[in-house]
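Comments concern the structure below.
All residue numbers in this chain count up from 1 along the given sequence.
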Amino acid sequence: VQLQASGGGLVQPGSSLTLSCTASGGDFTFTDYSMGWFRQAPGKEREFVAAMNWNGGNTHYADSAKGRFTISRDNAKNTVYLQMNSLKPEDTAIYYCGATVGVVVTTAPDYWGQGTLVTVSS
């Protein structure tokens with residue numbers, strides 16, 4: 001399974017940004033996987049941000065993401081998104097997507113994508 005994340009960048013506090021992560025692989029079936037987003041800020045451990053099951057019927061968010069971030073997926077495009085609103089400097093981190101067979105997890109997924117850097121600064 002290969003996961004390609006994109007959409008990071010430098011934004012001002014209060015701005016919005018949408019991250020994308022597209023999955024691929026030889027025998028890969030996107031709907032077999034729950035998808036999640038994690039992040040790692042400078043000098044900190046990687047942490048859970050948001051995750052959802054195969055059809056979006058079950059979602060989980062970290063407290064820091066609730067009310068500001070929305071995870072969604074387009075199964076036809078093998079892509080998961082993270083819409084981030086009202087960004088704060090403390091949201092600055094490398095954001096990683098992850099894929100897990102079956103159930104939603106808030107810990108380490110089965111597969112990691114490469115990260116995309118989000119910097120929130122004025």
Side-chain angles (χ1 to χ4, degrees):
V1 176
Q2 289 83 47
L3 303 174
Q4 181 72 40
S6 61
L10 172 64
V11 297
Q12 293 187 339
S15 298
S16 298
L17 198 63
T18 300
L19 306 182
S20 301
C21 173
T22 300
S24 62
D27 294 324
F28 176 78
T29 301
F30 190 59
T31 50
D32 287 343
Y33 291 82
S34 294
M35 300 298 296
W37 288 96
F38 302 77
R39 68 185 182 185
Q40 187 166 17
K44 295 187 177 181
E45 294 185 352
R46 194 172 299 188
E47 64 178 7
F48 167 75
V49 177
M52 73 186 321
N53 71 331
W54 74 277
N55 66 356
N58 184 12
T59 58
H60 294 266
Y61 293 93
D63 288 343
S64 59
K66 288 178 182 177
R68 298 189 301 127
F69 294 2
T70 302
I71 187 171
S72 62
R73 64 192 289 165
D74 185 337
N75 289 337
K77 296 182 178 179
N78 285 4
T79 300
V80 61
Y81 304 95
L82 185 68
Q83 171 71 42
M84 304 186 292
N85 298 325
S86 303
L87 282 162
K88 306 174 182 178
E90 51 264 42
D91 294 318
T92 295
I94 300 174
Y95 283 72
Y96 300 88
C97 59
T100 302
V101 174
V103 299
V104 172
V105 296
T106 61
T107 54
D110 295 334
Y111 301 95
W112 288 104
Q114 100 294 353
T116 185
L117 176 63
V118 173
T119 304
V120 184
S121 175
S122 56

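Smallest separation of non-hydrogen atoms from Leu82 and Ala50: CD1-CB, 4.2 Å. When all heavy atoms of Leu10 and Ser121 are compared, the pair lying nearest together is CD1-CB, 4.2 Å. The two residues Phe69 and Tyr61 come nearest to each other via the heavy atoms O-CE2, 3.2 Å.
Between Phe38 and Thr106 there is no side-chain heavy-atom pair separated by less than 4.5 Å. No side-chain heavy atom of Leu3 sits less than 4.5 Å from a side-chain heavy atom of Tyr96. Counting heavy atoms from C-beta on, the side chains of Thr70 and Tyr81 never come closer than 4.5 Å. Side-chain contact between Arg39 and Val118: absent, with no pair of heavy atoms (C-beta onward) separated by less than 4.5 Å.
Side-chain contact check for Gln83 and Thr18: at least one donor-acceptor pair (N or O, by modelled atom type) lies under 3.5 Å. Between Thr79 and Thr22, the side chains place a donor N or O and an acceptor N or O closer than 3.5 Å (distance only, hydrogens not considered).
Taken together through direct or relayed side-chain contacts under 4.5 Å among Ile, Leu, Val, Met, Phe, Trp and Tyr, Val101 and Phe30 form part of one hydrophobic cluster. No chain of hydrophobic side-chain contacts below 4.5 Å, direct or via other Ile, Leu, Val, Met, Phe, Trp or Tyr residues, connects Tyr33 to Phe48. Taken together through direct or relayed side-chain contacts under 4.5 Å among Ile, Leu, Val, Met, Phe, Trp and Tyr, Val105 and Trp54 form parts of separate hydrophobic clusters.
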